[in-house]
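Okay, so here's the structure we're looking at.
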Amino acid sequence: MPAASARSSWLILRRRRHSFNSAPAGGGAWVSMPGSLGHARVGAVMTSEVIEALTGRVGGSLPMRPTGGRTEREGTTMSTDNAGRSTPRAAVEGAAARPLRRVLAVDGWSTAGFGVVLLAAARPLSGVLGLPTAWSVPFGVAMLGGAAALGLIAARPRIPAGLVAAVAAGNALAGAALAVLALAPVLPLTGWGTAFLLSGTAVVAVFAALEYAALRRAAARTRAEEAAAEERLRGLVAAQQRAWEAGDGPAFAATFTEDADFVAVDGSHIRTRAGIAAAMQEGFDTFMKDTRLTDPRTWHIRFAGPDVAVVVTGGVCVLWPGAKTGRPQDLSIQTRVAVREGGTWLFTTFQNGRMRPPEPPPER
């Protein structure tokens with residue numbers, strides 16, 4: 001998509017700024033909109049809507065003075081979730097999952113080994129251990145099934161924390177069951193048989209402890225990695241604010257990937273970092289000159305994977321030179337998708353939306 005076409009909406013805004021400031025109520029004029037938008041009648045109201053669609057122009061009675069994680073509004077202090085943590089993931093993956101994956105794999109192989117021994121040597125072991133084949137064969141089959149399940153869990157790209165917790169709990173219960181069978185007069189075990197089952201109790205108890213510890217370490221590492229990533233993502237949003245205040249389109253676009261998509265409230269779709277840089281610079285040089293962005297009043301960050309995050313910021317609007325107040329209908333909410341490539345986080349999509357209640361349906 002040519003850069004000139006991608007900038008169409010921004011050029012319209014620049015051309016119509018005078019109409020926004022001076023057009024009489026109810027007045028309007030026909031203007032040509034490049035691209036697929038055709039022609040539209042733009043007057044005082046229509047131009048205001050178009051400008052608000054991309055900039056959130058300030059002009060009412062809502063003070064928008066950010067104060068860190070809190071925002072003062074009409075003389076009262078309103079708490080926000082600016083200091084809140086990101087949404088935790090219910091699975092571990094990537095580097096954080098490697099130690100856990102190894103523990104699960106070793107548990108699976110050892111479980112398979114015990115199962116094979118019980119099945120292959122069921123009759124000889126019945127005499128040595130006093131373990132009837134009616135017990136050893138089902139035990140062996142169950143252990144092979146458990147080993148297969150452990151292997152499947154360890155091989156998953158994303159290991160669900162709930163499954164690992166269930167495995168650790170299952171090992172703990174299996175250890176308790178083996179201890180009961182070894183010590184209670186349930187089976188005609190020999191001394192070797194009792195020692196065999198007690199050794200099995202110790203093995204599964206060790207694996208339960210290792211899996212629980214590995215899960216805790218993986219979760220802690222994931223939280224630490226996500227906290228660092230969250231700081232980077234917040235820093236990218238802050239970099240966009242600084243670039244906006246400096247009127248630097250390329251610096252604003254530097255927070256995006258080369259193939260990024262930027263969608264404004266009015267549906268304008270700007271593609272690629274170069275297109276975003278050109279469109280933003282056009283705005284900064286004309287109708288958005290010397291404007292600045294307010295801090296987000298709300299944050300929500302969700303990690304869809306180790307290298308993908310969704311960032312939602314709300315309560316943002318543009319302050320024009322000298323303006324300190326804004327109308328509630330000027331507030332916007334932005335949804336960004338960030339990706340990490342080569343250790344660097346950048347936004348790959350951006351969409352802006354108005355924080356307004358829906359219009360009532362037309363009367364019939």
Do Trp299 and Glu230 have side-chain heavy atoms sitting under 4.5 Å apart?
no

Over all heavy atoms of both residues, which pair between Ala229 and Trp345 is shortest? Give the atoms and the distance, please.
CB-NE1, 3.5 Å

State the CG-CD1 distance between Leu152 and Ile159, to the nearest 0.5 angstrom.
12.0 Å

Run the numbers on Phe347 and Val311 for side-chain contact (heavy atoms from CB on, under 4.5 Å), then give the verdict.
CA-CA 9 Å; Phe347 296 126; Val311 181; 4.2 Å; yes

Leu236 side chain reached by Arg336 side chain, heavy atoms, under 4.5 Å:
no

Shortest non-hydrogen contact between Met355 and Ser332, atoms and distance:
SD-O, 3.3 Å

Please answer: with hydrophobic residues joined when any side-chain heavy atoms are less than 4.5 Å apart, are Leu331 and Val312 in the same cluster?
yes

How long is the straight-line distance from CG of Leu319 back to CZ of Arg292, given to the nearest 0.5 Å?
4.5 Å

Distance in Å, Leu163 CG paired with Arg156 CZ, rounded so as to fall on 0.5 Å steps:
6.0 Å

Measuring only between side-chain heavy atoms, which start at C-beta, is Phe196 closer than 4.5 Å to Leu118?
yes

So how far is it from Thr348 OG1 to Asp261 CG, rounded to the nearest 0.5 Å?
6.5 Å

With hydrophobic residues grouped by side-chain heavy-atom distances under 4.5 Å, do Ile333 and Val310 end up in a single group?
yes

Report yes if some heavy atom in the side chain of Leu125 is under 4.5 Å from a heavy atom in the side chain of Val117; otherwise report no.
yes

Mind checking whether Leu131 and Trp192 sit in one hydrophobic cluster, side chains of I, L, V, M, F, W, Y counted as touching below 4.5 Å?
yes

Atom of Val316, atom of Pro296 and distance for their closest heavy-atom approach
CG2-CA, 3.6 Å

Only pairs under 3.5 Å count here: list side-chain donor-acceptor contacts from residues 165-187, not counting sequence neighbours, and write none if there are none.
| from | atom 1 | to | atom 2 | distance (Å) |
| --- | --- | --- | --- | --- |
| Asn171 | ND2 | Asp107 | OD2 | 3.0 |
| Asn171 | ND2 | Glu211 | OE1 | 2.9 |

Quiz: residues 212-221 side-chain donor-acceptor pairs under 3.5 angstrom, not counting sequence neighbours:
| from | atom 1 | to | atom 2 | distance (Å) |
| --- | --- | --- | --- | --- |
| Arg221 | NE | Glu225 | OE2 | 3.1 |

Where is the tightest heavy-atom contact between Ala147 and Gly108, given as atom of each residue plus distance?
CB-O, 3.2 Å

Give, for atom CE of Met280 and atom CZ of Phe252, the distance between the pair rounded to the nearest 0.5 Å.
4.0 Å

Taking side chain as C-beta onward, heavy atoms only, is Phe207 less than 4.5 Å from Leu104?
no

Determine the minimum heavy-atom distance between Thr222 and Ala96, stating which atoms define it.
OG1-CB, 3.5 Å

Taking Thr298 for the side chain and Gly314 for the main chain, is one N or O donor matched with an acceptor at less than 3.5 Å?
yes

Under 3.5 Å, is there a donor on one side chain and an acceptor on the other for Thr335 and Gln351?
no

For residues Thr291 and Pro321, determine if any side-chain heavy atom of one lies less than 4.5 Å from a side-chain heavy atom of the other.
yes

Donor-acceptor pair, distance only, cut-off 3.5 Å: does the side chain of Thr344 make one with the backbone of Arg340?
no

To the nearest 0.5 Å, what is the distance between CH2 (Trp135) and CG (Leu197)?
10.0 Å

Establish whether Phe287 and Phe262 are linked, either directly or via other cluster members, by ILVMFWY side-chain heavy-atom contacts under 4.5 Å.
yes

Closest approach of Leu119 and Val137, non-hydrogen atoms and distance?
CD2-O, 3.5 Å

Scan side-chain atoms only and decide if Thr133 and Ser126 contain a donor-acceptor pair under the 3.5 Å cut-off.
no

Hey, quick one: are Val103 and Val164 part of the same hydrophobic cluster, counting side-chain heavy atoms closer than 4.5 Å, chains of contacts allowed?
no

Just by modelled atom types, is the Ala154 backbone N or O under 3.5 Å from a matching donor or acceptor in the Arg102 side chain?
no

Residue pair Leu293, Val318: steps toward the side-chain contact (heavy atoms from CB on, under 4.5 Å) verdict:
CA-CA 5 Å; Leu293 291 174; Val318 173; 3.6 Å; yes

Any donor-acceptor pair under 3.5 Å linking the side chain of Gln281 with the backbone of Gly247?
yes

Student check: side-chain heavy atoms of Val106 and Leu210 closer than 4.5 Å
no

Quick one: does any side-chain atom of Arg273 pair with a main-chain N or O of Phe256 as donor and acceptor, under 3.5 Å?
yes

Side-chain touch Leu346/Glu258, heavy atoms, less than 4.5 angstrom
no

